[in-house]
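Working notes, beginning with the structure itself.
Sequence lines set the chain letters: A, B, ... in the order given, protein chains first and strands last, and positions in each chain run from 1.
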Protein chains: 2
Amino acid sequence: MKTYSTNEIYSDLYEQLINAVIPAGSKIKPVELQSKYGCSTNTIRDTLLRLSKIGLVTFQMQRGFRARETSPKKRSDIAKFRVLLEQEGAALSIRKAGLDWEIRLNSAHHKLSHIEKLMTKHGLTDEHLLVWSSAEFEFHDALISGCASDILIETYGHIYAQFRQQFVAQERDFGANYFESIIHEHATILQAALARNEEACKQAIHDHMKRNF
Amino acid sequence: MKTYSTNEIYSDLYEQLINAVIPAGSKIKPVELQSKYGCSTNTIRDTLLRLSKIGLVTFQMQRGFRARETSPKKRSDIAKFRVLLEQEGAALSIRKAGLDWEIRLNSAHHKLSHIEKLMTKHGLTDEHLLVWSSAEFEFHDALISGCASDILIETYGHIYAQFRQQFVAQERDFGANYFESIIHEHATILQAALARNEEACKQAIHDHMKRNF
DNA sequence: ACATCCAAAAATTTTGACATTTTTATGTAT
DNA sequence: ATACATAAAAATGTCAAAATTTTTGGATGT
């Protein structure tokens with residue numbers, strides 16, 4: 001039987017939350033996870049407190065932990081906030097960042113689009129979705145990486161994680177042709193960013209997200 | 001000798017961090033706080049993990065806790081990010097909020113300006129600064145409270161706390177006449193908000209913060 | 001002087017037991 | 001039936017000690 005280090009417990013729970021294996025809004029009881037991870041309830045508690053930092057888990061004194069709740073309103077809220085941060089991060093990057101940024105962005109997009117093409121050809125398995133999810137983050141993260149604001153990048157990371165948590169159930173339903181639009185949208189963002197066209201890039205980011213509002 | 005409940009430990013540490021009684025960047029050792037609060041190191045650890053959620057404390061595995069570091073660059077970063085969030089929150093409020101919002105904002109400003117006038121007449125004691133600090137937050141929080149975005153409001157709260165932590169040392173130095181400018185700036189923000197003038201309000205928020213860039 | 005290695009000390013993490021609080025289930029009265 | 005009180009069960013929080021890891025300080029050699 002596999003034994004888990006603390007960091008592995010963290011990553012494992014992170015993934016389960018991101019992919020709604022632990023469904024949004026559901027209660028998380030340390031006692032129940034104890035046996036799976038082979039550690040004390042206290043270690044689980046510790047890990048859940050750390051996860052609550054990035055907003056994947058909510059915590060209330062004497063009431064324990066929950067996977068962050070979801071609702072149409074919350075999803076819309078997160079999506080809009082994500083647009084705000086990404087637009088600002090991208091605009092700052094376009095204004096200030098150098099060649100390194102362009103290269104990083106370009107290669108992140110290359111990787112992402114490779115995976116996306118694969119997904120339209122073959123069906124989308126759970127495993128594909130996982131790889132795609134991390135490549136998609138890398139692309140959007142690269143997009144804002146030139147903004148020179150650590151706090152913006154840090155916050156964006158949290159919001160992106162929450163976004164995935166809230167929308168993963170939806171994405172599974174849209175099916176393969178959904179990804180054809182996504183491919184085009186990512187390309188449009190990339191193009192505007194490399195052309196250093198701030199307004200076009202903001203628009204492209206907005207359009208990429210507007211189905212989630 | 002005073003005994004502390006868990007929530008009191010949290011609030012006490014929160015205030016110490018906000019007011020840089022625990023200086024930015026300094027190490028925080030559970031063992032040393034144990035005797036003061038009359039509890040186990042584990043409870044302190046727990047509390048510090050909760051404080052790390054709002055960014056007042058940083059945590060690294062096997063390396064413990066620190067009050068978040070400060071530097072000119074970080075202060076500038078926080079100040080700019082705060083402007084971004086507050087501008088967006090205020091603009092949305094102006095666009096969408098109703099009479100309740102106006103009333104809340106107005107009364108928060110009334111309270112704040114009362115305290116600020118007191119502070120210019122008499123000197124600024126540490127106690128005054130504490131009252132002012134919470135009234136100032138209430139004002140800015142009221143300003144964005146009509147934005148209908150829970151995640152924006154939540155994030156703003158974290159950023160505001162970090163802002164205080166980073167700048168409190170500075171504020172003590174500026175002295176009493178510093179508050180005369182602040183009074184005027186707050187009034188300008190209020191005026192623009194109540195006049196539902198989005199651009200003027202954004203400008204006023206920017207001007208309020210620009211000394212910290 | 002500088003780096004490296006080692007042992008002692010200090011700090012952090014984990015644990016299992018115990019105390020407290022919340023939730024659930026049951027019974028009683030209105 | 002509904003509401004309310006109460007007891008049992010479950011979940012959460014706290015603790016002190018043990019295990020692990022990091023840091024410190026000194027001895028050694030280059």
Spacing between [X] atom [atom1] and [N] atom [atom2], to the nearest angstrom:
X: B/Y10; N: D/dG13; atom1: OH; atom2: P; result: 15 Å
X: B/R45; N: D/dC15; atom1: CZ; atom2: C1'; result: 15 Å
X: A/L49; N: D/dT14; atom1: CG; atom2: P; result: 11 Å
X: B/R66; N: D/dT22; atom1: CZ; atom2: C1'; result: 13 Å
X: B/F59; N: D/dT21; atom1: CZ; atom2: C1'; result: 13 Å
X: A/Y4; N: C/dT13; atom1: OH; atom2: C1'; result: 20 Å
X: A/I9; N: C/dT15; atom1: CD1; atom2: C1'; result: 13 Å
X: B/R50; N: D/dT12; atom1: CZ; atom2: C1'; result: 13 Å

Check your understanding: If only atom types and distance count, is the side chain of B/R196 paired as donor or acceptor with the main-chain N or O of B/I94 below 3.5 Å?
Key -> yes

Exercise for review: Tell whether A/D46 reaches the base of C/dT14 with its side chain through a donor-acceptor pair below 3.5 angstrom.
Suggested key: no

Check your understanding: Checking only heavy atoms, does the side chain of A/N42 share a donor-acceptor pair with the base of D/dT12 at less than 3.5 Å?
Key -> no

Check your understanding: Is A/K29 near enough to C/dT23 that one of its side-chain N or O atoms lies under 4.0 angstrom from OP1 or OP2?
Key -> no

Exercise for review: Please check if the distance between the ring centroids of A/H140 and A/F163 is under 6.0 Å.
Suggested key: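 Between A/H140 and A/F163, the centre distance exceeds or equals 6.0 Å.
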
Review point. So does A/K27 have more than 12 non-hydrogen atoms from other groups sitting under 6.0 Å from NZ?
Key: yes

By nearest atom, which of the nucleotides [options] is closest to the [X] side chain?
X: A/Q62; options: C/dT13, D/dT12, D/dC15; answer: D/dT12
X: A/T6; options: C/dT22, C/dT14, D/dT14; answer: C/dT14
X: A/V31; options: D/dT12, C/dT13, D/dG13; answer: D/dT12
X: A/K27; options: C/dT13, D/dT12, D/dT14; answer: D/dT12

**Study point:** No-hydrogen, no-angle side-chain donor-acceptor test under 3.5 Å, A/H208 and A/E86
**Key:** no

**Study point:** Salt-bridge contact B/K210-B/D207 (side-chain N to carboxylate O under 4.0 Å)
**Key:** yes

Practice item. Identify, between B/F65 and A/T43, the residue whose nearest nucleotide on DNA chain C lies closer to the 5' end. Key: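 So the residue in question is B/F65.
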
Point to revise | 5'-most by nearest nucleotide on DNA chain C - B/Q60 or A/R63 | key: B/Q60

